[in-house]
There are 2 protein chains.
Amino acid sequence: MRHCHQKMFEEIGLKNTAQRDAVYHALERLHAPKTAEEIYLDTMHHNQDISLSTVYRILETFVEKNIIVKMTLANQTSVLYELSHHEHEHHLICLSCKKVIRITGCPLGNYEEEVAKKHHFQVDHHQLYLYGYCEDCRK
Amino acid sequence: MRHCHQKMFEEIGLKNTAQRDAVYHALERLHAPKTAEEIYLDTMHHNQDISLSTVYRILETFVEKNIIVKMTLANQTSVLYELSHHEHEHHLICLSCKKVIRITGCPLGNYEEEVAKKHHFQVDHHQLYLYGYCEDCRK
DNA sequence: TTATTTGCAAATCTTTTGCATGAGG
DNA sequence: CCTCATGCAAAAGATTTGCAAATAA
């Protein structure tokens, strides 16, 4: 039973359990937004028994502690989770293979301020998704 | 039993039923992205008995015929539907009252082409959501 | 030791589907 | 008439929850 993330859990005030460690490892391995089910299966495939409800609970806890983020894509029923990268990013979503690709850079410029002024809406953050076909699927 | 949308249904090859008419009326009244449940309740409140599964089926049909669009917001489990406006639009979502406001105008410019070039990704369309606080809630 | 975490099963919520009945053209 | 649409109830998929047992600190 490894405890690679012991220090991190300590810092954020969470007990260092084998299940939390395993879920964190899975998120590191998968390095893309994944469903709770996918994270559960990946964990099981790496010989860490866990129950699906525990995965959900751990993911919720991680979201609260801001170490992962939660997202929902258009016309997709499940919620996706990925490690927080603490940098501004957007996503490309392949309509064919459903792959999600993170990209940095942002075209918004001072658009948020324009919107704030024009619509009397105080912008906190934004999400931009570009849907299309990835290199492999456009062939 | 009114049939205000008879001509439209005829044109797109759908039978003109009281339920379809009622759902379309509800979408016109609500003029914002709403859940199937909300559309169902609005329809019932306007004295048109309908079953929730029929609402889902009608909404699916309308999506196929391109007279409405389907969307999912971040961290929200339910799918939302609204009339197609056939113009490019984005949405402001109030984090407090959950209101969704449609806006026109787009800050992307030639960003899609840049992404296509840089990431070898063929962009089909995009979604932009600005989260924050609306005029009523920022007070 | 004690509060926290986990596993299991059951509950919940949203959406879909099978099938018999009903209605539009 | 005959096909398509609807209602109902049941199924399905995703997520949450209650509770007793297990475990970290």
Side-chain angles (χ1 to χ4, degrees), chain A residues 1-24 26 33-41 43-44 47-65 67-68 70-81 98, chain B residues 1-24 26 33-41 43-44 47-65 67-68 70-81 98:
Chain A
M1 190 194 298
R2 291 174 308 168
H3 291 297
C4 303
H5 305 102
Q6 181 167 357
K7 195 150 290 174
M8 182 191 63
F9 290 144
E10 214 168 282
E11 281 169 13
I12 59 182
L14 294 179
K15 282 189 182 175
N16 177 31
T17 68
Q19 289 87 339
R20 282 182 182 146
D21 196 64
V23 167
Y24 199 92
K34 297 288 175 182
T35 64
E37 177 85 23
E38 289 169 322
I39 292 161
Y40 163 74
L41 290 174
T43 303
M44 295 290 273
N47 301 311
Q48 171 59 59
D49 269 6
I50 195 169
S51 89
L52 183 54
S53 62
T54 298
V55 172
Y56 275 106
R57 275 193 271 233
I58 288 174
L59 291 170
E60 259 335 287
T61 307
F62 284 1
V63 169
E64 278 161 31
K65 298 294 185 179
I67 60 177
I68 67 174
K70 205 174 171 174
M71 59 189 280
T72 322
L73 303 184
N75 304 342
Q76 178 159 338
T77 59
S78 306
V79 174
L80 305 179
Y81 303 86
K98 312 297 172 192
Chain B
M1 192 196 302
R2 293 174 307 167
H3 290 298
C4 302
H5 305 102
Q6 182 166 356
K7 194 150 290 174
M8 181 191 64
F9 290 143
E10 215 167 282
E11 282 168 13
I12 58 181
L14 293 180
K15 283 189 183 175
N16 178 32
T17 69
Q19 289 88 339
R20 281 181 182 148
D21 197 64
V23 167
Y24 199 93
K34 297 288 175 182
T35 64
E37 177 85 22
E38 289 169 323
I39 292 161
Y40 164 74
L41 290 174
T43 303
M44 295 291 272
N47 301 310
Q48 172 59 59
D49 270 7
I50 195 169
S51 89
L52 183 56
S53 62
T54 299
V55 172
Y56 275 106
R57 275 193 271 233
I58 289 174
L59 291 171
E60 258 334 286
T61 307
F62 285 0
V63 169
E64 277 161 30
K65 297 294 186 179
I67 60 178
I68 68 175
K70 207 174 173 175
M71 60 189 278
T72 322
L73 303 184
N75 305 345
Q76 177 160 335
T77 59
S78 305
V79 173
L80 305 179
Y81 302 86
K98 311 298 174 194

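Letters A, B, ... mirror the listed sequences (proteins, then strands); counts begin at 1. All of these numbers come straight from a predicted model, not from anything done at the bench.
Between A:Tyr56 and the phosphate of D:dT16, there is no side-chain N or O to OP1/OP2 separation shorter than 4.0 Å. At C:dT5, none of the side-chain N or O atoms of A:Thr17 fall inside 4.0 Å of OP1 or OP2 (strictly under the cut-off). When the side-chain nitrogen and oxygen atoms of A:Ser51 are compared with OP1 and OP2 of C:dG7, one or more of them lie within a distance under 4.0 Å.
Using a 4.0 Å heavy-atom distance criterion, A:Arg57 is classed as a base contact. Residue A:Ser53 is in base contact, counting any heavy-atom pair closer than 4.0 Å across all strands shown.
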Evaluate the side-chain contact (heavy atoms from CB on, under 4.5 Å) criterion for residues A:Glu10 and A:Asn16: first the C-alpha distance (whole Å), next the side-chain angles of each, then the deciding distance (0.1 Å), finally the verdict.
CA-CA 7 Å; A:Glu10 214 168 282; A:Asn16 177 31; over 6 Å; no

Worked verdict on A:Ile58 versus A:Tyr56 for side-chain contact (heavy atoms from CB on, under 4.5 Å)
CA-CA 6 Å; A:Ile58 288 174; A:Tyr56 275 106; over 6 Å; no

Dump the intermediate steps for side-chain contact (heavy atoms from CB on, under 4.5 Å) on A:Lys34 and A:Tyr40, then the final yes or no.
CA-CA 10 Å; A:Lys34 297 288 175 182; A:Tyr40 163 74; over 6 Å; no

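Each of A:Gln19 and B:Glu10 was matched to the nucleotide of DNA chain C holding its nearest heavy atom; the match closer to the 5' end belongs to A:Gln19. Mapping B:Leu14 and B:Ser78 onto DNA chain C via the closest heavy atom, the residue that lands nearer the 5' end is B:Ser78.
The closest side-chain heavy-atom distance from B:Val23 to B:Leu59 is below 4.5 Å.
Out of C:dT15, D:dG7, C:dT5, the shortest distance to the side chain of B:Ala36 is found at C:dT15.
A donor-acceptor contact under 3.5 Å links the side chain of B:Lys15 to the base of D:dT3.
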